[in-house]
Amino acid sequence: MRLSMYDTASRQIQEIAPGKDAIAMYCCGPTVYRDAHVGNLRTFILSDLIQRTLKLQGSTVKLIQNITDVGHMADDVTVEDKVLQQAKKENIDPFDIARKYEAKFHHDLALLNIEPAAAYPRASETINLMQKMISTLIEKSFAYVGSDSNVYFSVKSFASYGAISGNRIDSLQPGHRYEYTDEGGKLFHADWALWKSAGERTEMIWDSPWGPGFPGWHIECSAMSMDLLGNHVDVHVGGIDLRFPHHENERAQSNATTQSESVALWVHGEHLLFEGRKMSKSAGNVILLSDITARGIDPLALRLVVQENRYRSQMDLTWDSIESASITLKRWHRKMELWGSSLIVKKDEEIFASLMNDLDTPRAIQRLRTIERDVAMSDEMKRAVFLYANQVLALGLEVAKQLSLLPENCAVLLAQREIARSNKDWARSDALRDELAELGILVSDTSQGQEWDFL
RNA sequence: GGUCGGGUGGCCGAGAGGCGAGGCUCAGGACUGCAAAUCCUGCUACACGGGUUCAAAUCCCGUCCCGACCUCCA
């Protein structure tokens with residue numbers, strides 16, 4: 001049995017790369033002009049689940065994830081590059097902005113136990129690849145230089161445009177949501193820019209056969225994936241909102257270049273809502289990973305809630321659901337210690353089958369809860385199965401809680417409290433417990449003595 | 001307006017024709033010097049109106065509501 005997933009283009013569940021052991025994977029990465037919010041991170045967790053599940057089935061994976069540091073427009077009205085806009089706002093060099101948020105992106109991934117990709121190519125460093133592809137597209141008459149010196153992809157030259165999203169060229173009405181004020185050089189309203197002429201812009205521009213300028217947003221993914229993955233992607237991952245136009249355009253560019261179906265399977269992760277609404281600045285409900293850690297919650301609790309929901313469903317995140325996952329995660333850590341220290345991993349067929357079936361992580365987690373309560377199963381076996389699931393769910397269950405992190409002053413208080421307890425000095429014991437609580441340490445008494453945890 | 005996906009107990013959510021998913025919260029109990037944790041017990045739900053069926057949360061039709069996409073977006 002191998003991993004099968006829902007393919008947006010064919011609208012069917014399909015096996016990933018049948019018969020292949022080495023799998024080429026691509027995931028659309030962040031535009032590095034701000035912190036990734038937990039909605040963005042949900043998609044990256046999805047990508048990680050796929051990579052880990054493919055490895056679990058014995059495949060090797062080459063994952064490429066782009067870093068968009070140039071060319072992503074804030075909107076089509078102001079024609080302002082997102083990175084440049086932020087650079088102005090923070091009053092620092094645009095490339096410094098990009099590197100700053102790129103570093104924070106990697107930091108977030110690490111906190112969520114997301115395995116690094118094989119490469120994170122930057123748009124600004126693959127300009128030559130993009131230019132090469134644009135030249136090819138012009139040669140093959142899929143692209144043209146517009147009257148405004150921008151280079152455009154000609155939608156009408158690409159017959160199967162709309163295959164992923166279901167959109168039809170003739171129903172894509174121009175100016176449906178707002179009036180276009182730029183890109184006057186297009187021959188057809190649905191054409192999009194591959195290369196934009198610099199115009200007044202002086203930063204983040206490059207020379208090109210079509211004059212100084214900068215790349216359009218969609219071309220980077222085509223250029224990077226085709227170059228780094230050998231003209232074929234077995235599985236392509238991204239958020240649902242990228243289905244159109246980004247992935248539709250990417251597919252057109254790649255297919256037109258290679259004259260073949262460049263991506264075998266398109267996986268789209270649904271949105272994460274926060275308290276009923278799509279996360280957005282205007283709704284004021286943007287949650288960052290740092291907001292979660294600021295509440296003293298393990299970032300992996302986020303990973304757990306996300307995985308308790310199917311990736312193809314919109315998911316409504318609330319502080320309650322995060323805290324609920326946090327409680328479960330803490331308990332599992334405790335149980336794992338209780339169950340021993342063996343590193344033996346035992347495959348569980350039910351968990352394996354759930355994962356292979358379109359990444360049914362909720363079912364896999366339900367199975368873990370059943371195992372946790374199973375009185376017939378030995379502790380060693382429970383631990384081994386949890387370690388098995390942990391290879392994909394990546395909840396950090398293999399790591400023992402780091403008792404050494406207890407601050408020294410707290411350790412002293414704990415020791416004093418132990419003495420007080422042995423003398424049945426309850427007043428002193430309770431006072432010390434309160435004192436520790438103020439320092440962020442939760443103390444509990446068990447038949448084995450005191451235990452502590454961070455609040 | 002067009003196109004998708006949804007509405008399940010106090011909350012989050014699996015399930016997709018017949019066996020009460022699960023978690024969190026809450027209430028009661030056991031344990032405890034007291035707490036906490038843990039364990040036990042309790043809380044029997046599927047938006048509304050029709051229909052199909054021996055049987056519907058699940059299928060069909062209609063209505064209402066929510067979310068997403070429709071050239072910024074994960």
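Just so it is clear: chains get the letters A, B, ... in the order the sequence lines come, proteins before strands, and each one is counted from 1.
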Applying the side-chain contact (heavy atoms from CB on, under 4.5 Å) test to A:Val267, which of A:Asp7, A:Val235, A:Thr8 qualifies?
-> A:Val235
In Å and rounded to the nearest 0.5 Å, what is the CZ to CG distance from A:Phe44 to A:Asp108?
-> 9.5 Å
Should A:Arg373 be listed as having a side-chain N or O under 4.0 Å from OP1 or OP2 of B:rG22?
-> no
Whole angstrom value for the distance that separates C1' of B:rA74 from CD1 of A:Ile287 = 16 Å
For A:Ala325 and A:Glu372, take the nucleotide of RNA chain B holding the closest heavy atom to each; which residue's nucleotide lies nearer the 5' end?
-> A:Ala325
Whole angstrom is fine here: how far is it from NZ in A:Lys330 over to P in B:rA36?
-> 15 Å
Against the side chain of A:Gln314, the closest entry in B:rA35, B:rG67, B:rU71 is B:rG67
Base, sugar-phosphate, or nothing: which does A:Ser324 touch, judged by heavy atoms less than 4.0 Å apart?
-> sugar-phosphate
Looking only at B:rG15, B:rC11, B:rU25, the nucleotide nearest the A:Asp360 side chain is B:rG15
Between CH2 on residue A:Trp210 and CD1 on residue A:Ile138, distance to nearest 0.5 Å = 5.0 Å
Ignoring the backbone of A:Arg433, work out which of B:rC72, B:rG33, B:rA35 is nearest its side chain.
-> B:rA35
Once you apply the 3.5 Å cut-off to both distances, tell me the Watson-Crick or G-U wobble partner of B:rU38, or none.
-> B:rA30
Report yes or no: do A:Ser321 and A:Thr318 form a side-chain donor-acceptor pair below 3.5 Å?
-> yes
Rounding to the closest angstrom, what is the interatomic distance between B:rC43 and B:rG9 at atom C1'?
-> 8 Å
A:Phe244 has an atom CZ; how far is it from atom C1' of B:rU3, in whole Å?
-> 12 Å
Under 4.0 angstrom, heavy atoms only, what part of the nucleic acid is A:Leu272 near: base, sugar-phosphate, or nothing?
-> base
Would you mind reading off the distance between A:Glu308 atom CD and B:rA21 atom P, rounded to a whole angstrom?
-> 17 Å
Taking N and O atoms by type only, does the side chain of A:Arg367 place a donor or acceptor under 3.5 Å from a partner on the base of B:rG22?
-> no
Per A:Gln366 side chain, nearest of listed nucleotides B:rA74, B:rA14, B:rG33 | B:rA14
OP1 or OP2 of B:rC34 less than 4.0 angstrom from a side-chain nitrogen or oxygen of A:Arg417, does that happen here?
-> no
Per the atom types in the model, does the base of B:rA68 pair as donor or acceptor with the side chain of A:His271 at under 3.5 Å?
-> no
Would you call the rings of A:Trp266 and A:His236 parallel, tilted or perpendicular, where under 30° means parallel and over 60° means perpendicular?
-> tilted
Closest to the side chain of A:Ser321, out of B:rC12, B:rA14, B:rC70, is B:rC12
Looking at B:rC34, B:rU71, B:rC72, which one has an atom nearest to any side-chain atom of A:His189?
-> B:rU71
Does A:Arg243 have a side-chain nitrogen or oxygen under 4.0 Å from the phosphate oxygens OP1 or OP2 of B:rU3?
-> no
Scan every strand shown for a Watson-Crick or G-U wobble partner of B:rC46, both distances under 3.5 Å, and answer none if you come up empty.
-> none
Positive for side chain to side chain donor-acceptor pair (under 3.5 Å) with A:His218, one of A:Glu250, A:Arg251, A:His246 = A:His246
Look at all strands and tell whether A:Gly238 reaches a base, only sugar-phosphate, or nothing, counting heavy atoms closer than 4.0 Å.
-> sugar-phosphate
Nearest to the side chain of A:Arg334, which nucleotide is it out of B:rU25, B:rA37, B:rU71?
-> B:rA37
Value in whole Å for how far the P atom of B:rG13 lies from CG of A:Leu317 = 9 Å
Taking the P atom of each, how far is B:rA56 from B:rA47, in whole Å?
-> 15 Å
Between B:rC34, B:rA14, B:rU71, which nucleotide gets closest to the side-chain atoms of A:Asp445?
-> B:rC34
For A:Arg369, answer base if it contacts any base atom (sugar-phosphate contacts may also be present), sugar-phosphate if it contacts only those atoms, and nothing otherwise; contact means non-hydrogen atoms under 4.0 Å.
-> sugar-phosphate
Quickly work out the A:Asp108 CG to B:rA74 P distance and round it to whole Å.
-> 14 Å
Interatomic distance, A:Tyr6 OH vs B:rC4 P [rounded to whole Å] | 11 Å
Checking N1-N3 plus N6-O4 or O6-N4 for Watson-Crick, or N1-O2 and O6-N3 for wobble, each under 3.5 Å, the partner of B:rC64 is B:rG7
Taking for A:Ser165 and for A:Glu270 the nucleotide of RNA chain B with the nearest heavy atom, the one nearer the 5' end belongs to A:Ser165
Whole-Å distance separating the CD1 atom of A:Ile365 from the P atom of B:rC24 | 13 Å
The Watson-Crick or G-U wobble partner of B:rG18, with both key distances under 3.5 Å, is B:rC54
Should A:Arg34 be listed as having a side-chain N or O under 4.0 Å from OP1 or OP2 of B:rA74?
-> yes
Please state the P separation for the pair B:rU52 and B:rC4 - nearest whole angstrom.
-> 28 Å
Answer yes if the ring centres of A:Phe274 and A:His37 are under 6.0 angstrom apart, and no otherwise.
-> no
Ignoring backbone atoms, establish whether A:Asn309 has a side-chain N or O less than 4.0 Å from OP1 or OP2 of B:rC12.
-> no
Describe the nucleic acid contact of A:Val305 in one word from base, sugar-phosphate, nothing, applying a heavy-atom distance below 4.0 Å.
-> nothing
Distance-only, no hydrogens or angles: does the A:Asp291 side chain make a donor-acceptor pair with backbone N or O of A:Leu288 under 3.5 Å?
-> yes
For a salt bridge (Lys or Arg N to Asp or Glu O under 4.0 Å) with A:Glu372, tell me which candidate from A:Arg383, A:Arg331, A:Arg367, A:Lys382 qualifies.
-> A:Arg331
Quiz item: A:Asp316 side-chain donor-acceptor pair to B:rG13 base, under 3.5 Å | no
For B:rC72, what is the paired nucleotide under Watson-Crick or G-U wobble rules, both distances under 3.5 Å?
-> none
Assign A:His72 to base, sugar-phosphate, or nothing according to its heavy-atom contacts below 4.0 angstrom with the strands shown.
-> sugar-phosphate
Give one of base, sugar-phosphate or nothing for A:Ser429, where a contact means two heavy atoms less than 4.0 Å apart.
-> base
